[in-house]
Structure formats: structure tokens, C-alpha cells
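Below is one structure; the comments refer to it alone.
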Amino acid sequence: MSFSRASLFDFPLLKPLVLSHPSSVFASRRFVTRPILSLSPTVLLPTRPTQIIAKSSSVTVHPVSEDADEKDHQSKDVSGDSIRRRFLDFYASRGHKVLPSASLVPEDPTVLLTIAGMLQFKPVFLGKVPRQVPCATTAQRCIRTNDLENVGRTARHHTFFEMLGNFSFGDYFKKEAIKWAWELSTVEFSLPADRVWVSIYEDDDEAFEIWKNEVGVPVERIKRMGEADNFWTSGPTGPCGPCSELYYDFHPERGCNEDVDLGDDSRFIEFYNLVFMQYNKTEDGLLEPLKQKNIDTGLGLERVAQILQKVPNNYETDLIYPIIGKVLELANISYDSASDKAKTSLKVIADHMRAVVYLISDGVVPSNIGRGYVVRRLIRRAVRKGKSLGINGDGRGAFLPMVAEKVIEMSTYIDPDVKLKAPRILEEIRQEEVHFNKTLERGEKLLELKLGDALSAGDKKPCLSGKDAFVLYDTYGFPVEITAEVAEERGVSIDMDGFEAEMENQRRQSQAAHNVVKLTVEDGDDITKNIDDTEFLGYDSLSARAVVKSLLVGGKPVVRVTEGSEVEILLDRTPFYAESGGQIADHGFMYVNGSQDDDAVVEVSDVQKSLKIFVHKGIVKSGALEVGKEVEAAVDADLRQRAKVHHTATHLLQSALKKVVGQETSQAGSLVAFDRLRFDFNFNRPLHDGELEEIEGLINRWIGDATRLETKVLPLADAKRAGAIAMFGEKYDDEVRVVEVPGVSMELCGGTHVGNTAEIRAFKIISEQGIASGIRRIEAVAGEAFIEYINSRDSQMKRLCSTLKVKAEDVTNRVDNLLEELRTARKEASDLRSKAAVYRASVISNKAFTVGTSQTVRVLVESMDDTDADSLKSAAEHLVSTLEEPVAVVLGSCPDKDKVSLVAAFSPGVVSVGVQAGKFIGSIAKLCGGGGGGKPNFAQAGGRKPENLSSALEKAREELVATLSEKLG
């Protein structure tokens with residue numbers, strides 16, 4: 001069978017679609033003059049109703065003939081959107097709950113991005129949380145960057161892809177999973193049965209028997225494979241099990257010999273993976289059968305689309321090719337005439353922009369750390385690939401937003417929220433591209449220079465230093481991977497160890513720490529296994545009687561603690577709010593009232609959660625506390641009220657921001673503390689004073705309206721349909737708590753809130769600033785914190801008025817006058833220092849000496865004691881202008897403790913013989929623990945080792961004499 005695009009016309013029902021849409025993905029590839037349309041999942045409808053099949057272990061499997069395959073193809077839509085829908089419908093009809101895709105930003109702190117469909121169910125598979133449904137099916141957005149260099153080069157590698165999956169949480173197991181996978185593949189998707197191969201784990205005889213005897217796959221098409229390929233583990237210990245994979249055979253004519261390699265990409269593509277979690281791996285390496293056996297599967301949407309649409313690779317499916325079509329339009333080329341290198345660039349741009357759009361939609365913005373670095377790296381790789389295609393961009397120098405628009409247009413059935421966030425997504429991409437373009441040209445020149453130096457060094461294996469790679473990264477924004485790609489093209493390697501050493505300072509920055517409480521003791525036992533979930537009473541009460549269920553000191557369980565002990569306390573019930581959703585934990589006390597010997601007081605300063613178990617952290621102030629004792633747990637009411645005020649004010653702030661700056665603004669983080677609130681949000685510019693005043697005015701008006709808040713518990717789907725906004729970083733159960741300020745705000749929130757907006761009293765923004773690319777931060781105060789802030793400011797103003805001896809309304813003018821007087825005085829002082837330096841330069845000018853015979857140069861290298869850098873510059877300029885041409889002047893000084901200033905000034909006659917000030921002064925500055933540079937005729941440098949100045953100037957004198965002597969002859 002031919003896999004050229006023309007073979008798509010083997011599907012008769014696609015002919016009228018192709019003919020009626022010349023710009024369709026299936027059209028002949030000529031010069032692209034208009035956007036390429038993606039196929040709608042509703043263009044072609046099945047001619048028969050969906051057959052609802054009850055979930056059963058006795059599924060009947062029907063082999064599919066070639067004729068039946070072709071006939072069924074004629075009645076089914078094979079667009080990517082349709083394949084996704086048909087997969088979900090298939091499993092929904094078999095009792096699976098269709099769940100939405102999780103965010104690309106996972107809750108799992110052990111991974112940077114969502115890399116698999118099972119990630120959102122990992123806590124269920126590991127037995128950490130109970131299952132909510134017996135079985136589920138999803139279409140999960142995923143990001144993987146470990147094979148970035150293969151993107152665009154192979155038929156199947158991507159950074160962004162969709163993983164379709166069906167999952168069983170102790171419900172059905174191996175037999176059903178295998179039979180349904182076969183039925184989906186050969187009946188629903190009509191893949192020829194004789195083209196599907198399967199692999200199994202080498203010792204999994206059960207799977208072999210099911211595939212062979214119950215499904216009917218010939219033995220020669222069942223391959224046993226080893227642990228590395230077909231055995232899944234969650235870690236060194238824990239749930240694990242064998243896998244079975246389905247492969248599609250593009251070339252069955254090559255036969256079924258024993259030496260057939262399923263890893264041969266030219267013949268096979270793996271499209272469906274079934275994981276049978278049936279064992280628990282102990283620390284001794286033993287495999288114990290699990291009581292609850294689970295199923296985890298993954299079917300690659302792009303891979304199945306390639307098979308069903310009969311195209312040579314994933315990129316030419318309707319899931320990606322319309323994006324390539326947009327790039328073709330911008331590059332003014334055709335796909336068929338493009339070189340292999342150009343096609344790779346086209347594929348990289350299309351792939352990377354899919355990843356970037358969905359990452360930014362999920363709240364990730366370009367930066368130099370973590371997830372933000374992934375986005376930055378992908379954008380910058382796409383920019384370079386675009387430039388290699390000759391794409392110039394729009395009037396602002398950006399082309400990626402135009403490609404992103406196509407991605408957003410195609411997002412409806414992947415993530416409908418993307419279109420709502422389109423303005424912010426496009427602006428983030430535009431800003432990053434424009435910013436990169438500003439440094440790209442300079443960076444490319446420096447890289448070319450450094451690569452030339454490496455190649456001319458004469459080494460057998462030319463290598464770019466780690467320091468040079470870091471400068472390109474830190475100063476010019478070149479991800480080291482891009483530097484490596486360019487270097488590889490020139491045959492140069494990179495000293496990655498040196499680069500990592502230079503990166504150490506950058507790595508001091510890190511993502512905000514996760515509030516994870518590790519409730520394990522040294523022998524590895526998880527004490528939560530024996531502790532029930534904590535009942536939270538804090539919405540309705542600030543005090544409660546509770547029983548101590550466990551005590552921990554230094555992570556070790558203890559039975560009793562005494563005065564002075566720092567302890568973690570687990571209760572059966574609590575009024576204390578545990579830190580979550582941005583709100584800090586309650587403070588307060590626990591009291592034990594018994595006999596004189598049994599009385600105890602514990603001061604609680606923090607409360608964290610491990611799943612649904614509350615961990616109270618505190619110090620025993622007096623007495624002793626024992627496991628099993630009853631305590632009176634009492635929350636500090638004043639501090640709780642402050643937290644409630646700031647939390648409700650945060651909700652009002654988000655609503656005000658959406659009204660004033662746009663609905664696409666979304667939360668990127670928050671802090672609800674006793675003394676202030678902090679709100680991070682996605683926005684690409686500072687807010688104007690007028691906007692801040694408008695936001696404050698709205699919030700204070702809502703406070704004055706004295707609106708009663710409404711709190712209710714709803715099914716998650718109902719809450720979202722009602723328009724409730726999800727709070728950043730929160731995980732929600734099927735039943736959620738909705739906090740509403742009627743007519744103003746509605747959010748999913750588990751935090752504590754005031755009963756009426758009037759309790760907030762007043763709201764004041766105290767700062768607004770940028771904290772990262774595309775992320776702004778507002779800090780504000782409300783309630784009692786507002787009163788304290790105003791009183792503090794008033795006190796400061798009174799002291800200022802007293803010091804300046806003016807009224808409050810005259811402070812601004814008085815400060816302006818003082819600043820002007822100070823500027824004038826500083827200028828006069830600077831002028832005097834410059835004049836003094838020029839005078840001192842005139843005095844030392846007689847120390848100049850000549851170098852050379854047939855042609856001479858006057859040279860002066862001297863120290864000017866504590867002269868400041870600006871005055872040192874004036875002195876050097878004076879000497880060059882007054883000494884006889886040609887002249888070379890090098891001056892140094894120590895203007896401050898631990899500070900060195902250096903300057904080199906060379907006249908045109910010196911520069912003309914090939915001696916440049918900028919290159920010369922840098923090596924001298926290194927002797928003083930610094931660096932610098934400048935133009936050929938003038939350069940400045942600095943250092944941190946004044947004790948080395950004398951020897952550095954002596955070295956400068958020697959090198960200058962030697963260099964000029966060589967140049968002048």
C-alpha cells in the first residue's frame with residue numbers, strides 16, 4: 001500500500017470534501033495562499049447509531065477482513081477530532097466516566113509537566129486517595145521535552161501530544177482491557193486485523209493466552225519482550241506490572257519471521273499501550289499480588305491519525321498540518337518543493353507552537369527557570385527555525401503570534417478555554433519573540449566569533465567553553481540547547497560541565513515551595529495508614545474538643561511530649577484552618593484541663609495538610625501532652641478575622657481586575673496573610689495610576705454595599721456551569737465549595753471568608769509590580785491591616801512635616817526643591833573633582849615615555865590614587881588631547897574600599913597600528929578581580945582587588961611596550 005497523500009482518496013467520502021475545499025489539509029500541495037482548514041469532527045457522521053455494549057468480561061471479538069475495513073472507512077470520519085470523540089464514546093458506552101484533561105501544570109511535585117494520561121490518577125493508583133469512579137476515560141494534553149532534538153526529524157516525536165486513555169481502578173482487568181483494545185482498533189477504527197501486532201512481557205503467559213486464544217492473534221504476531229520494554233514500575237518499590245503494546249504494520253509484505261523487530265520505525269508504529277498493575281514490589285525486590293488490580297492505558301492520538309489518514313508521518317495529519325500550512329504561507333513556499341531541512345523547520349515550528357499555546361493557556365509564562373524555561377526555549381527554537389525559512393514577521397517583528405492564531409483556532413475540541421485566553425496568549429508570545437529578536441543578532445555574531453575561535457584553536461575536538469555558553473544564555477537569551485544545535489552544525493562540542501558550574505548562581509532561584517507534609521517515619525512506615533481524615537469544624541466554630549491521635553517530634557512518633565518540645569499534633573477533629581489555597585494557617589492554642597500534673601498549654605503556630613489529615617505544629621508552653629488525651633483547640637479569633645477579610649478582599653480584587661483590565665486576566669498565585677494580601681496575575685504591562693484607582697474604587701464600593709456572602713456545596717460540573725472561577729493551585733473533588741459575593745464574584749474556594757463585605761471595612765493597594773515576564777503582583781491591605789497601614793503612613797508624614805518644617809500639602813514641593821539643590825551640588829562637586837583630576841593629570845604628563853624607533857608612540861601608565869571613575873575618564877581624555885599624537889594612556893585608581901577603576905585611551909595613531917583599548921584593558925582588569933571593555937579608542941574597566949592595582953599597572957606597561965614595539969618595528 002502506498003502512503004503518499006494521494007492514497008487518502010481511497011476514502012470515497014473524503015473526495016467531495018477535498019474538492020470543495022482547495023485549501024484543505026488533503027489538497028495537493030501547491031503554493032499556499034490561504035490558511036489551511038482543519039476537518040470538523042461533524043463533517044462526516046457514522047451511518048449507524050453507536051452500539052451500547054454492557055461492560056462484561058465476555059466480550060465477543062470479531063476479526064476484521066480487508067473488505068470490511070474499507071467499507072467501514074467509507075462510513076466514518078477519520079479526522080483527529082473525530083478519533084478523539086470516538087475513543088471517548090467507545091469507553092463511555094462501556095461504563096467509563098469521561099473526565100476532562102488535567103492541566104499541563106501537574107499537582108505532582110515530582111514532575112515538571114504533565115507527561116502522561118495517568119498522572120492525574122497517580123494518587124489513586126498508589127493507594128493514597130480513594131477512587132471517585134470505578135473506571136474512567138480521558139483525552140489528556142501532554143508535554144515531553146526529553147526527545148526535543150528528534151522533533152521534526154522523525155515521523156512521531158512531539159513536544160505536545162494528546163494521550164487517549166482508559167483506566168480501571170480495581171474494576172475490570174487484563175481480559176477486558178485486551179479485548180476492548182482489540183475491538184476499538186479493529187472494529188471501531190477498522191484497522192486491518194492482519195496488520196496489528198502485539199507485544200507482551202516475556203513472563204506474562206496470561207496475556208499471551210488472551211491474545212492468542214480469546215482474541216485470535218496469530219502466535220507469530222505476538223512478541224515477548226523484556227523488562228526494559230514491557231514492565232512498568234512506579235519507582236523502586238510500589239505498584240508495578242507487565243505491559244502489552246499494539247503496533248501497526250505499514251509493510252506486512254516483509255513477512256512474519258522470528259527476527260521481526262517491532263522497534264523498526266520504518267515498518268511499525270506503536271499506537272496503544274496497556275499497563276496491567278497487578279503487583280506490589282517490595283524493598284527486597286519481591287513481587288506480591290495486589291488486592292486491587294488496576295488498568296492504565298495510553299493511545300497516541302497523533303499516531304492513530306497518521307494510520308487512519310494514511311499519511312507518511314504525524315505532522316501531515318489534520319491535527320498539525322494546518323499549522324504547517326500557516327507557516328508555509330508566511331514563508332511563501334510550498335511543502336512539496338521544500339527541502340528536507342526546511343520541512344524539519346516547518347514541523348518544529350508547528351509542534352512547538354502547539355506546546356507553547358497550551359502551556360501559556362495553563363498559566364506558564366516564559367522565564368529562565370522551570371516550566372517557564374521550557375516555554376522560552378520552545379519559542380526561541382521556533383524563532384530560529386522561522387528565520388532559517390526567511391520569515392520576517394509582522395510590523396512589530398513577530399511571526400509566531402500568527403502561527404499561534406491557527407493553533408488557537410483548532411483548539412475547540414482540545415481545550416475550549418484556550419480561545420477565551422487568546423489575547424493574553426498571543427501577547428505573551430509576541431513579547432517573547434520581540435525581546436529575543438533584539439538580542440538574537442548580537443548573540444549570533446558573538447556565537448559565530450566564539451565558534452570561529454574554537455575551530456581555529458587547532459584542537460582535534462573543537463570545544464566551546466562553558467563560560468562562553470553561559471554568556472550567550474545569560475546575556476543574549478540563548479538557551480544552551482540552541483547554542484549546542486548551532487555548534488553541532490559547525491562541528492564544535494560544548495563544555496557542559498563548565499556551563500553547569502556557571503549556572504549555579506542562576507539556580508538559586510526556584511519555584512515556590514510546595515506545602516507537602518511528609519508523614520513518614522525513619523523506617524518508611526506511613527503513619528497516615530492508621531489515622532482517619534481530620535474533621536474540619538472551622539467554618540462554623542473557632543474552638544472544639546478533640547482527641548490527640550498522634551504526636552511527632554522530629555518526624556518520629558512519640559507517646560508523650562513535655563514543656564519546651566516542638567511537636568506535630570494530629571487530632572480527630574479541628575477548628576484550625578490548614579494552609580491551602582494561598583491562605584496561611586490559623587494560629588491559636590490547645591489546652592489540656594485535668595489534674596494539676598495533667599494541665600498543658602500548646603501554642604499552635606502553623607497547620608499543614610497531608611491529603612485530608614491536618615498536622616498542627618506548635619510548642620508545648622507548659623505541662624505535658626499525651627496521645628489519647630482530649631484537648632480544647634482554640635483558634636486566635638483576631639487573626640482568623642484578618643485572614644477572612646483578606647481572603648474575601650482577594651476575590652473582590654480578582655473581579656475588579658477583570659472589569660478594569662480585561663476578562664482574560666487570570667490568577668497566577670496568591671497569599672492571604674494576617675497583615676496583607678498578595679495577588680499575582682497574568683498581564684503584560686504595569687497598571688496605570690488611573691487603573692489602580694479605579695480598582696480600589698470598585699472594591700471599596702462593593703465593601704460599602706454591605707453584601708452578604710453566599711456559600712454552598714455543588715457538584716463540580718454544576719459550579720463551573722454557573723460560572724465559578726477556580727482558584728490557582730487548588731485540587732477539587734466532585735463536590736466543591738462555592739463562595740459567592742452576589743453580583744460581584746463567584747469562586748471555588750475552601751478558604752475562610754467574612755459573612756458580609758462590610759466586615760472588610762476598607763481596601764488599599766500598597767504596591768503593583770512585575771515579578772516575571774507577563775506576571776504582575778498587587779499587594780494590598782484591608783480591615784484592621786488597612787487601619788494600621790494608614791496610621792503608620794500618617795505618623796511618617798507628621799515626622800516628615802516636622803523635619804521639613806512645612807505643612808503636609810507642601811511636602812512634595814519642598815522635597816522637589818531639595819532634590820534639585822542636591823543635584824546642583826553634586827554636579828558642582830563632580831566638576832571640581834574632574835578639574836582636580838585634570839590638574840593632577842597635567843602634573844604626571846611629564847612621566848610619559850616613547851616607544852618605537854622609525855615611528856614612536858608616547859606612552860603613559862600611572863596610578864591616580866583615589867580618583868573616581870568619571871574623573872579618571874576626564875583625566876585620560878585630557879592627556880590624549882594634550883600629549884603629542886600618537887599616544888596611549890592607561891590610568892588606574894582605588895576610589896573606594898574593595899573597588900578598582902581602570903581606563904585606557906588610545907589616539908587614532910595607536911588604533912591604526914592594530915592596538916585597541918577595549919581588548920587591552922579587559923585582561924588587565926582581570927588581574928584586579930574584574931573585567932570591562934569598550935571601543936578601540938576608549939575603554940573602562942573595574943575590579944574588586946585594590947591590592948593588585950600596582951602590579952596590574954606594571955603588567956599593562958610591559959604589555960603595551962611589547963605590543964607597540966612589535967607593531968612599530
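Reckoned from all heavy atoms, side chains included, excluding hydrogens, waters and symmetry mates.
Test D296, I295, T233 against M277 for side chain to side chain contact (heavy atoms under 4.5 Å, CB included) and you get one pass: D296. Among V105, I143, L119, the single residue meeting the side chain to side chain contact (heavy atoms under 4.5 Å, CB included) criterion with T114 is L119.
Between the side chain of S168 and the backbone N or O of D171, at least one donor-acceptor pair lies under 3.5 Å. Panel note: side chain D794, backbone I790; no donor-acceptor pair is recorded below 3.5 Å. Counting only distance, with no hydrogens or angles, the side chain of K658 and the backbone of T665 share a donor-acceptor pair below 3.5 Å. Proximity of a side-chain donor or acceptor of Q278 to a complementary backbone N or O of P289 within less than 3.5 Å is not detected. T138 places no side-chain N or O within donor-acceptor distance of the main-chain N or O of P100, the cut-off being under 3.5 Å. For the pair S541 (side chain) and S543 (backbone), a donor-acceptor distance under 3.5 Å is present. A distance-only check finds a donor-acceptor pair linking the side chain of Y539 to the backbone of G750 [under 3.5 Å]. Under a 3.5 Å cut-off, the side chain of D636 and the backbone N or O of D638 do form a donor-acceptor pair. A side-chain donor-acceptor contact under 3.5 Å links R144 to the backbone of I115. Between the side chain of S655 and the backbone N or O of V744 there is at least one donor-acceptor pair closer than 3.5 Å.
The CD atom of E768 sits 4.0 Å away from the CG atom of L687 when rounded to the nearest 0.5 Å. Rounded to the nearest 0.5 Å, atoms OG (S103) and CG (D417) are 10.5 Å apart. Of the inter-residue distances, the one linking R573 atom CZ with F614 atom CZ reads 13.0 Å to the nearest 0.5 angstrom. For the atom pair OG (S101) and CD (Q140), the distance works out to 3.5 Å, reported to the nearest 0.5 Å. Taking CG from L652 and CG from L698, the interatomic distance works out to 10.0 Å, rounded to the nearest 0.5 Å. Atom NZ of K293 and atom NZ of K291 lie 11.5 Å apart (nearest 0.5 Å).
Relative orientation of the F169 and F167 rings is parallel, given thresholds of 30° and 60° on the angle between their planes. F683 and F681 have tilted rings, their planes meeting at an angle from 30° to 60° on a 0 to 90° scale. Between F121 and F125, the two ring planes are perpendicular [angle over 60°; tilted spans 30° to 60°].
Note on R701 versus D705: no salt bridge recorded, every NZ/NE/NH1/NH2 to OD/OE distance being 4.0 Å or above. Remark: D362 engages R141 in a salt bridge, criterion side-chain N to carboxylate O under 4.0 Å. Ion pair E563/K621 not flagged as a salt bridge, since none of the NZ, NE, NH1 or NH2 atoms sits closer than 4.0 Å to an Asp/Glu carboxylate oxygen. Between E579 and K617, no side-chain nitrogen of the basic residue sits less than 4.0 Å from a carboxylate oxygen of the acidic one, so the salt-bridge criterion is not met.
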Practice problem: Dump the intermediate steps for salt bridge (charged side-chain N to carboxylate O under 4.0 Å, His left out) on R642 and E788, then the final yes or no. | Solution: CA-CA 12 Å; R642 284 170 172 259; E788 292 171 352; 2.4 Å; yes
Practice problem: Just do the side-chain contact (heavy atoms from CB on, under 4.5 Å) check on K629 and V547 with the steps written out, would you? | Solution: CA-CA 6 Å; K629 286 285 187 179; V547 176; over 6 Å; no
Quiz prompt | Pair E779-Q769, side chain to side chain donor-acceptor pair (under 3.5 Å): steps then yes or no | solution = CA-CA 9 Å; E779 292 200 0; Q769 61 182 330; 5.1 Å; no
Practice problem: I would like to know whether F674 and H646 meet ring pair (Phe, Tyr, Trp, His ring centres under 6.0 Å); could you show each step before the answer? | Solution: CA-CA 8 Å; F674 304 135; H646 281 141; 9.0 Å; no
Practice problem: Take L677 and L653 through the side-chain contact (heavy atoms from CB on, under 4.5 Å) test and state the conclusion after the steps. | Solution: CA-CA 10 Å; L677 69 87; L653 174 58; 3.9 Å; yes
Exercise. Before giving the answer on side chain to side chain donor-acceptor pair (under 3.5 Å), spell out for E747 and Q654 the whole-Å C-alpha distance, their side-chain angles and the decisive distance to 0.1 Å.
Key: CA-CA 10 Å; E747 299 193 14; Q654 175 156 231; 2.9 Å; yes
Exercise. Would you sort out whether K712 and E740 count as a salt bridge (charged side-chain N to carboxylate O under 4.0 Å, His left out), showing the intermediate values?
Key: CA-CA 9 Å; K712 49 195 170 187; E740 181 179 9; 3.8 Å; yes
Practice problem: Let me see the working for N756 and T707 under side-chain contact (heavy atoms from CB on, under 4.5 Å), right down to the final yes or no. | Solution: CA-CA 5 Å; N756 188 299; T707 304; 5.6 Å; no
Quiz prompt | side-chain contact (heavy atoms from CB on, under 4.5 Å) evaluation trace for V672 with I584 | solution = CA-CA 6 Å; V672 176; I584 67 173; over 6 Å; no
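Looking at I778 and L657, their side chains come closer than 4.5 Å, going by heavy atoms from C-beta outward. In this structure, I695 and I765 have side chains that are in contact, with non-hydrogen atoms separated by less than 4.5 Å. Counting only heavy atoms from C-beta outward, the side chains of F231 and L287 approach each other to under 4.5 Å. Residues Q641 and V754 meet the side-chain proximity criterion, which asks for heavy atoms closer than 4.5 Å. Proximity of R678 to S670: side-chain heavy atoms (C-beta onward) are nowhere separated by under 4.5 Å. Contact annotation: the side chain of V741 never approaches that of W702 to less than 4.5 Å [non-hydrogen atoms, C-beta and beyond]. Residues H647 and C749 meet the side-chain proximity criterion, which asks for heavy atoms closer than 4.5 Å. Between V548 and I569 there is a side-chain heavy-atom pair separated by less than 4.5 Å.
In this structure, the salt bridge (Lys or Arg N to Asp or Glu O under 4.0 Å) partners of D680, at least two apart in sequence or on a different chain, are R777. Under the rule for a salt bridge (Lys or Arg N to Asp or Glu O under 4.0 Å), the partners of R761 that lie at least two apart in sequence or sit in another chain are E784.
Judged purely by distance below 3.5 Å, without hydrogens or angles, the side chains of N166 and T297 pair a donor atom with an acceptor atom. Judged by distance alone, the side chains of H753 and T648 do bring a donor and an acceptor atom under 3.5 Å apart. With no hydrogens or angles considered, a side-chain donor-acceptor pair links S580 and Y577 at under 3.5 Å. Counting only N and O atoms by type, the side chains of N682 and S666 include a donor and acceptor under 3.5 Å apart.
Stacking of R640 on the aromatic ring of F576 is not recorded, the 6.0 Å distance cut-off and the 45° axial limit not both being met.
For CZ of R708, the number of neighbouring non-hydrogen atoms (other residues, nucleotides, ligands) closer than 6.0 Å is 12 at most. Counting heavy-atom neighbours within 6.0 Å of E566 CD, excluding the residue itself, gives a total of 12 or less.
A pairwise comparison of heavy atoms in I699 and A656 identifies CG1-CB, 3.9 Å as the closest pair. Between V736 and A719, the shortest heavy-atom distance links the atoms CG2-CB, 3.7 Å.
Close placement of the H96 and Y172 rings is indicated, their centers lying within 6.0 Å of each other.
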